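Quick notes on the structure that follows.
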Amino acid sequence: MESLSEDDTAAVIGRQPVLEALQREDVGIEKVMLRQGASGSRIGEIRALAQKRRAPVQYVPEARLRHESDGAEHQGVVAITAPFRYREVDDMLSEIAPSWADVKAQTPLLLAIDRVTDPRNFGAILRSAVAAGTDGVIVPTREMAPLNAAAIKASAGTAPRIPVARTDDLPRVLTQVKERGYWVVGAEGTAETTLWDAEWDRPIVVVMGSEGEGLAPDVAEACDDLVSIPMRGPVESLNVSVAAGLLLFAAARPRTESGSALSEETGG
């Protein structure tokens with residue numbers, strides 16, 4: 001079963017993002033708005049897909065599109081999605097790697113986010129997660145930014161491409177994923193182990209804390225290891241979305257290298 005949040009409706013902005021959203025059956029589309037007089041092959045594709053999805057198409061003035069897109073470059077197209085449907089944690093984990101053996105063989109990369117309250121930070125983190133090839137995201141039900149229009153915009157439309165599950169008890173879930181064979185690594189600015197020294201070549205859950213407080217004590221306690229990001233300049237900390245990107249790509253590196261090696265071996 002999937003849980004539904006009434007607050008998580010979103011605007012998908014731009015011709016390509018709207019086209020991709022219409023092509024995804026797991027993204028509900030409430031309506032598509034086109035600028036009055038809009039034409040061209042891409043507009044024709046969007047209209048045809050919307051008709052196939054039985055999503056209403058409205059021709060609206062430029063001012064309406066600017067309002068719906070909050071001033072972003074909309075290219076004459078905005079789609080309003082149905083409220084975002086979060087996954088159940090167990091269902092998502094079972095789809096990614098059903099068994100202990102599958103987890104060990106596939107070395108999935110997961111991301112857990114502990115109380116990031118700014119939707120723009122949430123969206124930017126999801127954009128990095130998608131770019132790094134992250135398999136799934138786990139967030140808490142409370143004290144967490146919604147996946148709304150601001151988050152979708154900050155994710156550059158990538159948020160629907162990655163499964164996101166919610167839980168009422170993040171520390172308990174982190175303990176459960178360890179039982180499935182994952183190694184849980186939390187971001188902590190004072191940790192002695194740096195992201196350069198961490199052992200990423202195994203099934204990993206990267207855990208990011210909130211903007212102001214970092215990891216909650218019970219979340220940090222549930223981690224197998226804590227890692228820091230060494231900084232040479234006169235800065236105490238990084239924005240959480242920037243830090244998440246660095247850690248996720250550090251974790252993705254051995255997966256990218258092993259994939260390249262496999263491609264060379266098979267002549268790909």
Side-chain angles (χ1 to χ4, degrees), residues 1-14 17-18 20-22 24-33 55 65-72 74 78-93 110-131 134-174 187 205-216 219 239-245 248:
M1 295 290 292
E2 297 174 337
S3 57
L4 186 65
S5 171
E6 295 179 354
D7 297 328
D8 295 339
T9 56
V12 181
I13 303 163
V18 169
E20 292 180 3
L22 286 166
R24 293 179 59 94
E25 294 183 359
D26 58 338
V27 178
I29 303 294
E30 292 188 344
K31 62 183 174 182
V32 175
M33 290 179 285
L65 292 175
R66 285 201 303 269
H67 172 74
E68 295 291 348
S69 62
D70 196 24
H74 53 71
V78 174
I80 303 301
T81 69
F84 186 87
R85 294 185 180 274
Y86 291 92
R87 306 295 309 279
E88 293 292 339
V89 174
D90 287 342
D91 292 344
M92 184 183 76
L93 293 177
L110 304 178
L111 170 66
I113 307 173
D114 178 26
R115 301 168 300 128
V116 166
T117 57
D118 187 331
R120 292 165 297 183
N121 280 335
F122 187 18
I125 290 171
L126 292 178
R127 183 178 185 179
S128 293
V130 172
T134 307
D135 295 289
V137 179
I138 303 170
V139 300
T141 304
R142 296 179 296 275
E143 298 183 79
M144 185 67 202
L147 246 176
N148 57 15
I152 298 290
K153 177 182 174 183
S155 78
T158 62
R161 302 181 185 180
I162 189 168
V164 181
R166 289 202 297 192
T167 175
D168 291 329
D169 192 340
L170 184 57
R172 176 181 58 82
V173 165
L174 293 178
V205 183
V206 172
V207 188
M208 303 302 303
S210 68
E211 292 96 338
E213 301 176 359
L215 298 176
V219 172
N239 175 276
V240 64
S241 64
V242 175
L248 287 170

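Being a predicted model, the structure only gives us computed values, none of them experimental.
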What are the two closest non-hydrogen atoms of [X] and [Y], and how far apart are they?
X: S241; Y: S128; value: O-OG, 4.3 Å
X: V116; Y: G209; value: CG2-O, 3.6 Å
X: A11; Y: E68; value: CB-O, 3.8 Å
X: M144; Y: I113; value: CE-CG2, 3.7 Å
X: A151; Y: P146; value: CB-O, 3.7 Å
X: V130; Y: T158; value: CG2-O, 3.7 Å

Taking the side chain as every heavy atom from C-beta outward, state whether [X] and [Y] have any pair of such atoms under 4.5 Å apart.
X: V78; Y: V12; answer: no
X: I80; Y: I29; answer: no
X: V89; Y: D91; answer: no
X: T117; Y: F122; answer: no

Roughly how far, to the nearest 0.5 Å, is the CZ atom of R120 from the OG atom of S155?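 Separation between the atoms: 14.0 Å.
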Out of curiosity, R127 CZ to I162 CD1, how far, rounded to the nearest 0.5 Å?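 One finds 14.0 Å between CZ of R127 and CD1 of I162.
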Under the salt bridge (charged side-chain N to carboxylate O under 4.0 Å, His left out) test, residues paired with E143 that sit two or more places apart: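 Once residues adjacent in sequence are excluded, E143 has no partner under the salt bridge (charged side-chain N to carboxylate O under 4.0 Å, His left out) criterion.
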Dump the intermediate steps for side-chain contact (heavy atoms from CB on, under 4.5 Å) on L147 and L126, then the final yes or no. CA-CA 10 Å; L147 246 176; L126 292 178; 3.7 Å; yes
Among V206, L93, V207, which residue meets the side chain to side chain contact (heavy atoms under 4.5 Å, CB included) test with L110?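 Passing option: L93.
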Using side chain to side chain contact (heavy atoms under 4.5 Å, CB included) as the criterion, point out the one residue from V164, T167, I138, T141 that pairs with Y86.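 Among the candidates, only V164 passes.
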Test your reading of the model: is there a side-chain donor-acceptor pair from [X] to the backbone of [Y], 3.5 Å cut-off?
X: T134; Y: G136; result: no
X: E211; Y: D118; result: yes
X: R115; Y: G214; result: yes
X: R142; Y: D168; result: yes

